[in-house]
S.K.: 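Sharing a structure here in C-alpha cells format.
Read the numbers this way: they start at 1 and go in the same order the structure lists the ligands and their atoms. Computation of the quantities below employed the complete heavy-atom set of this structure, encompassing side-chain atoms and omitting hydrogens, waters and symmetry-equivalent molecules.
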Amino acid sequence: MHLDPQSFRDLDPGSRVLMGPGPSDVPARVLQAMSAPCIGHLDPYFLALMDETQQLLRFLFQTENELTIPVSGTGSAGMEACFVNLVEPGDEVVVCVNGVFGTRMTDIVGRLGAKLTRLDFEWGRAVDPEAVRSAIQGKAPKLVAVVHAETSTGVCTPLEDLSKIAHDAGALFLVDAVTSLAGMEVAVDTRGIDAVYSGTQKCLSCPPGLSPISLSPAALKALDSRKTPVVSWYLDMSMVRNYWGGDRKYHHTAPINMIYGLREALRIVAEEGLEARFARHRLNHLALVAGIEAMGLSMLVPEAERLPMLNTVRIPEGADDAKVRGSLLRQFGIEIGGGLGDLAGKVWRVGLMGHASSPRNVCLFLAALKTVLRDGGVKVGAGALEAAAQAYSR
Ligand SMILES: *Cc1c(COP(=O)(O)O)cnc(C)c1O
C-alpha cells in the first residue's frame with residue numbers, strides 16, 4: 001500500500017482553555033516532566049520515583065494505606081480495578097446512582113455476576129443517606145459504592161453518613177473520587193473509605209492515563225480472602241502490588257513517562273498545600289456562580305450540593321447549545337461540556353479543575369459567554385464581571 005508521509009501534518013494542536021469536565025489544562029511543568037528520557041521500569045532511579053509517587057499520593061488521599069498506587073489506565077480503569085478486586089460472583093453490592101458514573105458502576109458490577117442493589121436518586125441532587133440506610137436494612141452487602149463528585153451533574157454527595165451506614169451494615173465503603181481528588185477534601189482515612197479511585201486529568205491537571213487508587217487494610221483482607229481469582233489479569237492488585245511494593249516483581253511495564261507527569265502534578269499540589277488548593281477551587285467557583293447569576297442564568301444544583309470544580313449552568317431559553325459551545329471554542333479557544341443523558345441540551349458543564357481553576361479563566365469565560373449569547377440573540381444581564389470581582393474582593 002502506498003502512503004505519502006508528507007500528507008501527515010506536523011503535530012500542532014494549538015492552545016485551548018480547558019473548562020469542560022476533563023481533561024483540564026496541564027501546567028508546563030507537568031508536560032516538561034513527561035518529556036524526560038524514558039528509562040527502564042526496573043531502573044533504580046525509576047523505582048525511587050515510584051516510591052515518591054506513592055508517598056505523594058498518600059499525602060493527597062490523606063491516608064496511611066500501604067496499597068496506594070496509580071493504576072495504568074484512565075479513571076474507569078481505577079473504577080474497574082476496585083470492583084474486580086473486591087467483588088466475587090454472588091456478592092451483594094449496593095450502588096448509589098445519581099448520574100452517569102454511578103450508572104457505570106452498576107454496569108461493571110453486573111458483569112461480575114454480583115447481586116446488585118441499585119439505588120436511584122434524582123440527577124442533580126445528592127444521594128440521600130437515610131434512603132440508603134433503609135434500603136439496605138436486613139441486607140448483608142459486601143460493598144456500598146458512591147460517587148463523591150458526579151461530573152455528569154455537578155453534585156457533591158457528602159461521605160461521612162454513608163461511610164457509617166456502610167460499615168454498620170458490615171460492608172466496605174467504595175468511593176469514586178475521580179473529579180473530587182485535588183479539588184476538595186477526600187480524606188480517605190478520617191472518612192473510613194475502604195476503596196477509592198481517581199483520575200489524573202481532572203483536578204490533578206495531568207494528561208489522562210493513570211488512575212490513582214487506594215485500598216484500606218479491610219479491603220486488602222477481602223482481597224486476600226477471595227475464593228476465586230480476580231477476573232481481570234491486568235487489574236489484579238494481588239499481583240500489581242508486588243511490583244509497587246517490596247518484591248518489585250514484573251507484572252506489566254509501568255507507563256514511565258505518565259508517572260513522571262503524575263509525580264510532577266503531585267509535587268505542584270504539595271507545594272500549594274491541600275487547604276489552599278481547596279480554598280482556591282471554592283473561591284473561583286463562587287465567583288463564577290456570582291457572574292452566571294448576574295447574567296440572569298441559573299445553576300442546576302441547589303447551592304448546598306454544588307461542586308466547586310464542576311458547574312452545571314442551565315441553558316437559557318433561546319440559546320442554541322451546540323452553537324454556543326462551538327463559538328466558545330472557535331472564537332475564544334474555550335472548551336466546556338454539554339449535558340449527558342436526560343440533561344443533554346439542558347445544561348452546560350463548566351469545569352474549574354486544578355490548574356484551570358483561576359480568576360483568569362472565570363473572567364475570560366464570563367466575558368466570552370456573554371459575547372456568544374448576545375451574538376446569538378439571547379438577552380443577558382450586565383454586570384457579570386463586576387459580580388465576579390466582588391466575590392474576589394469579599
Ligand atoms: C471522568 C470520570 C470517570 C471516568 O474517568 P475516565 O478517565 O474518563 O475513564 C469516572 N468517574 C467520574 C466521577 C468522572 O468524572
S.K.: Check the pair Ser216, Asn65 against side chain to side chain donor-acceptor pair (under 3.5 Å), reporting the backbone distance first and the verdict last.
M.R.: CA-CA 5 Å; Ser216 75; Asn65 289 340; 5.3 Å; no
S.K.: So Asn311 and Trp348, side chain to side chain donor-acceptor pair (under 3.5 Å) or not? Walk me through it.
M.R.: CA-CA 8 Å; Asn311 303 274; Trp348 289 311; over 6 Å; no
S.K.: Give the C-alpha distance, both sets of side-chain angles, the deciding distance and a yes or no for side chain to side chain donor-acceptor pair (under 3.5 Å) between Asp236 and His251.
M.R.: CA-CA 10 Å; Asp236 184 343; His251 178 258; over 6 Å; no
S.K.: What side-chain donor-acceptor pairs closer than 3.5 Å can you find for residues 353-362, not counting sequence neighbours?
M.R.:
from   : atom 1 : to     : atom 2 : distance (Å)
Ser357 : OG     : Asn284 : ND2    : 3.0
Ser358 : OG     : Asn361 : N      : 3.1
Asn361 : ND2    : Ala356 : O      : 2.9

S.K.: Measure the OG-CG distance between Ser15 and Asp25 for me, rounded to the nearest 0.5 Å.
M.R.: 9.0 Å
S.K.: Looking only at heavy atoms, what is the nearest atom pair of Ser225 and Lys221, with distance?
M.R.: OG-O, 2.7 Å
S.K.: Anything with a heavy atom under 4.0 Å from ligand 1 counts, so go ahead and list those protein residues by chain and number.
M.R.: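 Close residues (ligand 1, cut-off 4.0 Å): Thr74, Gly75, Ser76, Phe101, Arg104, Val147, Ala149, Thr151, Asp176, Val178, Thr179, Gln201, Lys202.
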